S.K.: 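The structure follows.
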Amino acid sequence: MIELLARRDFDEVFALMEASFPQNEYRPYYEQKALLDDPAYSIYTFSDMGDGAVRAFIAVWKFDDLAFIEHFAVNPRYRNGGIGAQMLREVVDSLKTMVCLEVEPPHDEFSARRIAFYERNGFRLNEYPYIQPPIAQRREAVSLLIMTWGESVSEEVFERIKATLYSNVYKLR
């Protein structure tokens, strides 16, 4: 069952975020939690019907002509059961706009498998150079790639995506 995050579940989502992403790819706790007050930012969760535990989450920024999946993680206990693909499909279908996300370049088996997962689920890799700016103070910039749902994009569209992310997500002016 996919639903918008209940604030009481934020700590569980943040713990999964910490366990799933390198420190340079998420904000400190209070900065991440403060995003819940931004109308462009939402977190969707997939919870266990029995105990209410969060099995997976997707954090999304929605703008006029673009949606950006900033974080997506499935609890390791529930991986390889189809939850991730189901949740990704439902959220992307609900967004009704161009959807993109960032991935690490395929430099090892894990990052290559992640890209393959997204490709199996309709995303296409864009080979244009992209640097994720520091997400918070005392965090470093990260070399990543942008994937877009449905098809790869032209360099012109990629530059518009990058400009939207840099100004609205990373607050660069």
Side-chain angles (χ1 to χ4, degrees), residues 2 5 13 16-27 32 35 38 40-46 55-76 78-136 139-172:
I2 296 173
L5 174 76
V13 166
L16 181 53
M17 190 180 294
E18 285 180 305
S20 303
F21 294 92
Q23 187 176 23
N24 286 326
E25 294 182 21
Y26 63 91
R27 294 165 191 80
Q32 198 71 48
L35 291 179
D38 189 320
Y41 182 81
S42 300
I43 297 177
Y44 299 90
T45 60
F46 184 93
R55 290 187 177 195
F57 78 91
I58 296 180
V60 178
W61 290 88
K62 290 187 267 187
F63 308 110
D64 291 339
D65 59 351
L66 177 70
F68 169 56
I69 296 174
E70 184 174 50
H71 296 107
F72 174 35
V74 176
N75 183 312
Y78 302 108
R79 288 186 186 150
N80 301 314
I83 291 171
Q86 175 189 347
M87 184 174 192
L88 185 61
R89 199 170 25 258
E90 285 185 39
V91 170
V92 167
D93 287 349
S94 74
L95 293 170
K96 300 190 186 324
T97 190
M98 178 188 296
V99 180
C100 71
L101 52 85
E102 300 165 333
V103 292
E104 294 175 356
H107 55 76
D108 61 19
E109 181 184 347
F110 191 71
S111 55
R113 284 179 44 209
R114 183 179 296 119
I115 289 170
F117 166 80
Y118 285 120
E119 288 176 334
R120 284 192 309 275
N121 286 283
F123 282 83
R124 300 295 168 250
L125 194 60
N126 296 279
E127 298 288 346
Y128 309 111
Y130 176 79
I131 301 292
Q132 177 198 48
I135 200 162
R139 298 288 205 261
E140 296 178 9
V142 181
S143 179
L144 298 172
L145 295 169
I146 296 287
M147 296 186 80
T148 45
W149 191 82
E151 61 188 16
S152 298
V153 297
S154 68
E155 190 168 3
E156 178 183 332
V157 172
F158 171 80
E159 289 299 326
R160 285 199 314 261
I161 291 169
K162 186 169 120 177
T164 298
L165 299 181
Y166 278 17
S167 63
N168 295 298
V169 175
Y170 301 107
K171 309 301 184 200
L172 299 179

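Bear in mind that the values here come from a model prediction, so they are computed numbers and not experimental data.
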S.K.: Quick one: CD on E104 to CZ on F110, what's the gap to the nearest 0.5 Å?
M.R.: 8.5 Å
S.K.: Would you find more than 12 non-hydrogen atoms of other residues, nucleotides or ligands less than 6.0 Å from W61 atom CH2?
M.R.: yes
S.K.: State whether a side-chain donor-acceptor pair under 3.5 Å links N126 with T148.
M.R.: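 Side-chain D/A pair, N126 to T148: present.
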S.K.: Do F21 and H71 pass the ring pair (Phe, Tyr, Trp, His ring centres under 6.0 Å) test, and can you show the C-alpha distance, the side-chain angles, and the key distance before you say yes or no?
M.R.: CA-CA 9 Å; F21 294 92; H71 296 107; 4.8 Å; yes
S.K.: If you draw a 6.0 Å radius around CG in D64, do more than 12 non-hydrogen atoms from other residues or ligands fall strictly inside?
M.R.: no
S.K.: Show your working on ring pair (Phe, Tyr, Trp, His ring centres under 6.0 Å) between Y128 and F158 and close with a plain yes or no.
M.R.: CA-CA 8 Å; Y128 309 111; F158 171 80; 4.9 Å; yes
S.K.: Is it true that, when you exclude E90 itself, more than 12 heavy atoms of the residues, nucleotides or ligands shown sit nearer than 6.0 Å to its CD?
M.R.: yes
S.K.: Take V92 and N121, measure what side chain to side chain contact (heavy atoms under 4.5 Å, CB included) needs, and give me the verdict at the end.
M.R.: CA-CA 10 Å; V92 167; N121 286 283; over 6 Å; no
S.K.: Walk me through whether K162 and E155 qualify under salt bridge (charged side-chain N to carboxylate O under 4.0 Å, His left out).
M.R.: CA-CA 10 Å; K162 186 169 120 177; E155 190 168 3; over 6 Å; no
S.K.: I need the Q23 CD to R139 CZ distance, nearest 0.5 Å.
M.R.: 4.0 Å
S.K.: Over all heavy atoms of both residues, which pair between S111 and P105 is shortest? Give the atoms and the distance, please.
M.R.: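 So the minimum-distance heavy-atom pair works out to OG-O, 3.1 Å.
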S.K.: How far apart are the closest heavy atoms of I135 and E25, and which atoms are they?
M.R.: CD1-O, 3.8 Å
S.K.: Looking at Y78, does the NZ or CZ of R55 lie under 6.0 angstrom from its six-membered ring centre and within 45 degrees of the ring axis?
M.R.: yes
S.K.: Side chains of Y41 and Q32: any donor to acceptor distance under 3.5 Å?
M.R.: yes
S.K.: What's the separation between atom CZ in F117 and atom CG in N80, rounded to the nearest 0.5 Å?
M.R.: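 Going from the CZ atom of F117 to the CG atom of N80 covers 10.0 Å.
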S.K.: Between R114 and E119, does at least one N-O distance fall below 4.0 Å, as a salt bridge requires?
M.R.: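 The answer is no: the pair does not qualify as a salt bridge.
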S.K.: Say you draw a straight line from CD1 of I58 to CZ of F72; how long is it, rounded to the nearest 0.5 Å?
M.R.: 4.5 Å
